[in-house]
Amino acid sequence: MVRFLFRIPIMLIRYFCLGTFFTFYTVIDFIVSLIFILGKYVGLGIRAIVLFFLYILKYAVKGFIVLSRICYHFLHYALFGISVPFIFIYNAYVRYAEKAAIRAEARREKEEKLKEVRRLEKERQLAEKREKQKRENDVYINEKVKIERKTFGDRINDFLLAIIAFPKKMVANIKKKYNNSSFVKAKRNRKDINRNVLLIDFDGEDAEKSPTKLLYEYEAKDPDGKIVKGYFEAYSKVEVHSFLLSEGYEVYSIKTDKWIRFLHQSSATSHTKVKTKDLIFFLTQLSTYIKAGIPLVESLKILSRQFKSKAYQRIFKLMIYDLTMGENFSTAMEKQGKAFPALLINMIKTSEMIGSLPEVLDDMAEYYTEMDKTRKEMITAMTYPSIVLVVAIAVVTFIMIYVIPQFVEIYESMDAAQIPGITIAIMNLSDFLQHNLWLVILIIALVIGVFAYLYHNVKLIRTATQWLLMHLPIFGNIIIYNEVTTFTKTFASLLEHNVFITDSMDILNKITNNEIYKMLILDTIANLAKGEKISTAFKDHWAFPMPAYEMLVTGERTGELPQMMKKVSEYYQDLHKNAVTRVKTFIEPVLILFLTVVVGIIILSIVIPMFNMYTAIQEV
């Protein structure tokens with residue numbers, strides 16, 4: 001009974017072990033078989049792929065060899081056929097040249113002998129003649145001086161120069177004859193007789209001022225003695241006359257009417273904006289002249305002579321006029337429209353109140369130098385990627401319009417089922433561009449033009465575009481760093497020159513073109529009106545980094561806000577420079593890779609059907 005009881009668990013354990021063994025055996029066998037089968041078919045697939053690429057490589061090499069042989073034989077026979085006539089011509093020319101050289105050498109030797117005999121005879125005769133003259137007149141003759149005759153080449157050169165100078169001489173002679181003709185002289189004399197110095201009635205109609213500036217036409221003799229005719233805006237004829245006299249002109253006439261104002265309004269009004277490099281030169285030179293003790297008006301006159309641009313000279317002329325009429329320097333600059341930046345005008349307005357114009361001019365020159373340097377770094381960084389992108393678009397367009405159509409006729413004989421889908425798509429795109437290229441260019445230009453118009457005239461579109469650009473993964477930081485640098489640098493400069501914070505914010509709002517920062521500045525102005533801090537509007541704002549905000553708060557607490565803003569501008573200027581460098585390093589390989597991929601896809605779409613065609617020909 002006991003034995004029977006022990007046998008039951010033993011049998012259970014034995015059969016459990018046997019069942020477990022067979023289960024594991026079956027599972028392991030299944031897994032091994034599955035791995036074997038998968039390995040087998042994966043190997044067959046890899047083998048098929050390798051064989052496929054080997055066949056492609058094989059036929060590609062064969063096709064390359066065949067094309068190379070055809071090109072070699074074609075070039076060989078073409079060059080041989082082209083060179084044979086030249087070889088015959090060259091041989092004939094060499095033989096002719098050798099014979100001509102021999103004949104010329106013989107002729108030259110004969111002529112030299114004859115010249116030598118003539119020279120000796122002539123020298124003997126000259127010596128006898130000089131000796132005779134010396135005895136008769138006792139005149140000193142320098143026998144070491146030799147008169148050199150012009151060579152044939154010098155004469156040819158003089159002849160060509162005379163031909164080139166002939167039109168100028170002819171025009172000058174015609175003008176001279178015209179000016180010296182009796183009719184022109186009589187007309188000029190009558191005009192000179194009738195031209196008298198203009199007499200101004202300082203108490204009558206000439207002194208009456210109009211409520212707005214009028215355009216006057218004047219005729220006068222400048223300090224160099226030339227009769228000039230020009231246009232000038234002023235409130236009265238007396239003002240034009242006084243200004244011209246102060247400039248050293250002798251005035252003959254000043255007049256105005258509706259036709260003069262209608263036809264020549266653009267001649268007196270300046271719409272030119274002074275370039276940054278010219279503005280830096282203007283500020284530096286003006287500061288130097290004022291420090292040297294030269295009056296402001298005289299300094300502007302000197303600067304007007306240093307600029308060759310007539311638009312700049314017109315700006316300086318109008319500024320000098322406003323200064324002579326008693327206006328402030330900042331007001332004279334402000335009247336020139338967009339010629340000078342708003343920041344510069346406001347800084348000069350502040351300097352006029354505290355009497356530090358040269359220092360402000362130096363600071364502004366340094367400020368615009370740094371801003372121009374940052375702008376040029378950005379342009380330099382984007383020049384190469386832009387060129388690569390333009391070249392990539394040009395290359396792809398050329399391939400699609402001029403290369404792909406050459407293969408269309410070849411593929412038309414093939415069955416459509418044998419042509420890959422990518423080839424059909426490329427061919428359709430090529431056909432579309434070939435027939436509608438100008439339409440595509442027109443649509444692109446129209447879209448760009450409409451977007452540019454909306455960007456400059458619709459605030460919502462401009463704000464949305466700037467918001468999107470500032471949230472881009474790579475380029476967003478560059479825009480934010482640049483805006484932070486400009487804001488803090490300008491803010492620091494304004495505070496250093498004792499401009500009120502509210503006025504500083506108004507100036508910052510005028511000079512920035514970023515709508516996000518305009519909203520920040522307007523929010524700051526509203527907070528200041530409520531008695532809150534400047535930093536309140538910038539707290540936790542995504543467009544103003546946290547380190548800059550902390551520095552702003554620190555500056556408010558310690559009373560050293562200008563110094564803190566200057567440090568922030570220097571820090572983020574370095575960050576901006578490094579970010580631009582990184583973007584340049586990132587964009588270059590991406591554009592090259594893009595060009596490679598696009599051209600590679602186009603080439604593959606052309607080559608794959610050729611392999612299919614070649615395979616079909618071999619099978620036949």
Side-chain angles (χ1 to χ4, degrees), residues 341-343 346-347 350 359-360 362-364 366-375 377-378 466-467 469-583:
L343 172 64
N346 285 276
M347 295 296 290
T350 305
E359 291 78 9
V360 170
D362 290 335
D363 292 341
M364 286 292 97
E366 183 180 357
Y367 170 81
Y368 285 111
T369 301
E370 292 179 359
M371 299 302 294
D372 187 55
K373 182 180 178 182
T374 303
R375 183 183 63 85
E377 288 176 353
M378 189 71 179
Q466 292 172 351
W467 184 92
L469 291 175
M470 293 174 74
H471 279 82
L472 290 177
I474 298 174
F475 300 95
N477 287 334
I478 295 178
I479 300 174
I480 291 174
Y481 293 160
N482 183 58
E483 291 297 333
V484 172
T485 302
T486 305
F487 174 81
T488 54
K489 188 185 292 293
T490 309
F491 193 26
S493 180
L494 290 167
L495 294 177
E496 285 177 348
H497 292 89
N498 301 319
V499 181
F500 293 114
I501 293 179
T502 52
D503 296 336
S504 300
M505 288 298 164
D506 289 333
I507 295 170
L508 289 169
N509 186 40
K510 291 178 182 178
I511 66 174
T512 184
N513 296 320
N514 191 290
E515 294 297 330
I516 307 298
Y517 269 77
K518 280 182 179 290
M519 290 188 287
L520 272 173
I521 294 168
L522 291 175
D523 192 13
T524 304
I525 295 173
N527 292 337
L528 290 173
K530 297 176 184 178
E532 298 179 358
K533 297 180 180 180
I534 302 173
S535 58
T536 305
F538 297 92
K539 185 179 181 180
D540 297 330
H541 198 282
W542 58 267
F544 200 76
M546 185 56 66
Y549 169 74
E550 295 295 339
M551 294 288 281
L552 178 61
V553 172
T554 305
E556 285 181 324
R557 291 176 181 175
T558 59
E560 296 181 353
L561 192 56
Q563 293 81 359
M564 290 297 177
M565 291 295 96
K566 192 170 184 180
K567 290 180 180 179
V568 171
S569 68
E570 293 174 354
Y571 173 71
Y572 280 96
Q573 187 172 9
D574 292 337
L575 285 182
H576 178 264
K577 183 178 180 181
N578 296 332
V580 169
T581 305
R582 287 196 300 271
V583 168

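Only a predicted model underlies this, so the values are computations on that prediction, with no experimental measurement involved.
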Could you check whether any side-chain heavy atom of T512 comes within less than 4.5 Å of a side-chain heavy atom of L508, counting everything from C-beta outward?
no
Using a strict threshold of under 4.0 Å (side-chain N to carboxylate O), is an ion pair present between R375 and D372?
yes
Judged by atom type as modelled, is there a donor-acceptor pair below 3.5 Å linking the side chain of T488 to the main-chain atoms of T485?
yes
I'd like to check L528 versus T524 (side-chain heavy atoms, cut-off strictly below 4.5 Å). Are they in contact?
yes
Okay, side chain of Q466, backbone of N513: is any donor-acceptor separation there less than 3.5 Å?
yes
Hey, are the side chains of M364 and S493 touching, using non-hydrogen atoms and a 4.5 Å cut-off?
yes
With under 30° as parallel and over 60° as perpendicular, where do the rings of Y481 and Y572 fit, or are they tilted in between?
tilted
Can you confirm whether Y368 sits close enough to L343 that some side-chain heavy atom of one is under 4.5 Å from a side-chain heavy atom of the other?
yes
Around K518, counting heavy atoms of other residues, nucleotides and ligands shown, do more than 12 lie under 6.0 Å from its NZ?
yes
Can you tell me which residue pairs pass the salt bridge (Lys or Arg N to Asp or Glu O under 4.0 Å) test with a partner in residues 489-517, sequence neighbours excluded?
E370-K489, R462-E515
Going through the checks in order, is the side chain to side chain contact (heavy atoms under 4.5 Å, CB included) test met by L520 and F538?
CA-CA 7 Å; L520 272 173; F538 297 92; 4.1 Å; yes
W542 and W467 aromatic ring geometry - parallel, tilted or perpendicular at 30°/60° bounds
perpendicular
Using side-chain heavy atoms (C-beta onward) and a distance below 4.5 Å, is H541 in contact with I516?
yes
Kindly indicate whether the side chain of N514, heavy atoms from C-beta on, has any atom under 4.5 Å from the side chain of M470.
yes
Say you draw a straight line from CD1 of I525 to CD1 of I534; how long is it, rounded to the nearest 0.5 Å?
11.0 Å
Report the C-alpha separation of V580 and H576 in whole Å, then their side-chain angles, then the decisive distance to 0.1 Å, and conclude whether the side chain to side chain contact (heavy atoms under 4.5 Å, CB included) test is met.
CA-CA 6 Å; V580 169; H576 178 264; 3.8 Å; yes
pair F491-S569: side-chain heavy atoms closer than 4.5 Å:
no
CE on M551 to OG on S535, rounded to 0.5 Å:
13.5 Å
Please round to the nearest 0.5 Å and tell me the distance separating atom NZ of K566 and atom CG of L495.
12.5 Å
CD on Q563 to OG1 on T554, rounded to 0.5 Å
13.0 Å
Main chain of D574, side chain of N578: is a donor-acceptor contact present, judged purely on distance under 3.5 Å?
yes
Heavy atoms of A537 and D523 approach each other most closely as CB-OD2, 3.6 Å
Pairwise side-chain contact, L552 with M564, heavy-atom cut-off 4.5 Å (strictly under)
no
N346 CG to I507 CD1 distance, which is reported to the nearest 0.5 Å:
3.5 Å
